[in-house]
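Here is how names work: the chains are called A, B, and so on, in the same order as the sequence lines, proteins then strands, and each is numbered from 1.
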Amino acid sequence: MAINGIKGFNDILPGDVEKWQHIEATARRVFELYGFSEIRTPILEKTELFCRSIGDATDIVEKEMYSFVDKGENKVTMRPEGTAAVMRAFIEHKMQALDPVARLYYMGPMFRYERPQKGRYRQFHQIGAEVTGVSAPTVDAQVLTMLTHFFAELGLDEPSLQINSLGCPKCRPVYREALKSFLLSKIELLCEDCNRRYETNPLRALDCKSPGCQEATKGAPAMLEYLCPECAEHFEATKKYLELVGTTYQINERMVRGLDYYTRTTFELVTGLLGSQSAVAAGGRYDGLISDLGGPALPGIGFAIGVERVALLLAEKDFSRRPDLFIAALGDEAHAEAFKIMSALQRLGAAVEIDYEGKSLKSQMRRADKFKSRFTLIIGGDELARGTAPLKDMDGGTQSDVALNADAIVKVIKG
RNA sequence: GUGGCUAUGGUGAAGCGGUUAACACAAACGACUGUGACUCGUUCAUACGUGGGUUCGAAUCCCACUAGCCACCCCA
């Protein structure tokens, strides 16, 4: 019996991986325009890091983490998200000493023990970015603009940017109480889940999918009405800067985040094309996180993009590569020559294929066609004697002779 | 953790108690003796997720298990 992979852990095969490479390359290219540098942190961290950052009472920490005790009796966890680890590294290496404003991006696998479904897997991948040390709203606007820029570069303009403000430790508790007393008056109309969440996460009732809850929360107080003057001003300024650079957004005062560390600006990039997984990217400000983790009192803001979800949105696009040249050879001598020319051309930067098994010319031409090679060079005994060979343009169907040396060939196929 | 749905070859699938288990695509080789894409031919599941049962007979009915998908919870 063959062994299968683990549920929710997927292979990314050739044919699909090109799309991933394109997504990753686009992220690197765009993020570096904004001054971001990559940071790579380990997959395994101390469990405590996530308890303290994400929040003990969140679903991620309560039931979704891949946690275990290692051989040294340490409680460790395979990271369920990226921000906590990046901030841990920032603090550990005292990066604020070099520059409190760190602009970092990362990409890699994250792990959450959830039931897999469309756009959600147990090992999934995120591309994230974080900025520390700036509380100015310009950076909120810039991070959001960079995120939408990235999607635009991929040719995806469908996801819409939704923003909200969650306030700060001063104003959020006031709002939370106001909301709770409102919900209490409607408690019988709320679904079972929202009743259960009433104490732990009352805000969730606002974006509950149950029709009853949606109806019941129609007149609920809005966070935006309860923002303290500083938070209100920050939110207004963020919107102003977004408008200044033409980044379109919608305000979604019902948007709630699942991680405890968020403050002030929060946002999601949502799409209707992914079944029940509407968020392709999400993030927000976390002004208290760095100090909560024992670091300096610096603000922060960041986001994470779900790579599988982006790949799903890019499902129809073809990212397959095609070779520049296929060399068809007839006979042992020609085969050796083809091998030699192939090697020389590869050193000159051309992608070249040959047939390894000395099949018929017909068969080799079919293979060239299958690879979608741009050109095919045909070498037999005559060509060897002549020192030139027909080079066929596979798209146009025309062919003309070229000298049998790599420099001459590369001029034609890469020119 | 909780629901619902589905399991036939590399893929998409026909099949509805007795068929050599259709068909299409993909793949390999050939018809064109040194040239792809079109056309044509040949080959390609002793096998219908696994294990039990019902039956003279099961891919087809029943049960269990497993897997996958979708949804809930939650989230990227």
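Note on A/A368: nothing from the nucleic acid sits closer than 4.0 angstrom, heavy atoms only. Here A/S373 lies out of heavy-atom contact (under 4.0 Å) with every strand. A/G397 comes within 4.0 angstrom of a base, heavy atoms only. Counting non-hydrogen atoms under 4.0 angstrom, A/E81 reaches nothing in the nucleic acid. Contacts of A/K392 with the nucleic acid, taken as non-hydrogen atoms under 4.0 Å apart, include base atoms. In this structure, A/T58 reaches neither bases nor backbone, as no heavy-atom distance under 4.0 Å exists between it and the strands shown. Across all strands, A/I127 comes closer than 4.0 Å to no nucleic acid atom at all (heavy-atom distances). Within the nucleic acid shown, A/D59 comes within 4.0 Å of sugar-phosphate atoms alone, with no base atom in reach, counting heavy atoms only. A/G128 comes within contact range of no nucleotide atom at all, as no heavy-atom separation falls under 4.0 Å. Nucleic acid contact class of A/E383 (heavy atoms, under 4.0 Å, all strands): base. Using a 4.0 Å heavy-atom cutoff across all strands shown, A/F371 reaches no nucleic acid atom at all.
For A/R367, counting side-chain heavy atoms from C-beta on, the closest listed nucleotide (B/G36, B/A28, B/U35) is B/A28. The side chain of A/E308 sits closest to B/A76 out of B/C29, B/U35, B/A76. In the set B/U35, B/G68, B/C75, B/G68 carries the atom at the smallest distance from any side-chain atom of A/K7. Here the nucleotide nearest the side chain of A/L361, chosen from B/G36, B/G3, B/U35, is B/U35.
A distance of 6.0 Å or more separates the ring centres of A/Y356 and A/H335.
Rounded to the nearest Å, the gap between the P atom of B/U11 and that of B/G68 is 16 Å. Separating the P atom of B/U50 from that of B/A71 is a span of 28 Å, rounded to the nearest Å. For the P atoms, the distance linking B/A45 with B/C40 amounts to 22 Å, nearest Å. B/G15 and B/G9: their C1' atoms are spaced 15 Å apart (whole Å). On the P atoms, B/U54 is 36 Å away from B/C44, given to the nearest whole Å.
With a 3.5 Å ceiling on both atom-pair distances, the Watson-Crick or G-U wobble partner of B/G1 is B/C72.
Using a cutoff of 4.0 Å between basic side-chain nitrogens and carboxylate oxygens, A/K414 and A/D324 are scored as salt-bridged.
When all heavy atoms of A/I378 and A/E383 are compared, the closest pair comes out as O-CG, 3.6 Å.
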* Worked check of side chain to side chain contact (heavy atoms under 4.5 Å, CB included) between A/R285 and A/H234 -> CA-CA 11 Å; A/R285 196 165 255 295; A/H234 185 271; 3.5 Å; yes

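The phosphate of B/C29 (OP1 or OP2) has a side-chain N or O of A/S363 nearer than 4.0 angstrom. Between A/Q117 and B/A71 there is a side-chain polar atom (N or O) within less than 4.0 angstrom of OP1 or OP2. Remark: A/S360 is in phosphate contact with B/G30, judged by side-chain N or O atoms under 4.0 Å from OP1 or OP2. Considering only side-chain N and O atoms, A/K63 lies nowhere under 4.0 angstrom from the phosphate OP1 or OP2 of B/C73.
Between A/R366 and A/K370, the residue anchored closer to the 5' end of RNA chain B is A/K370, taking for each the nucleotide with the nearest heavy atom.
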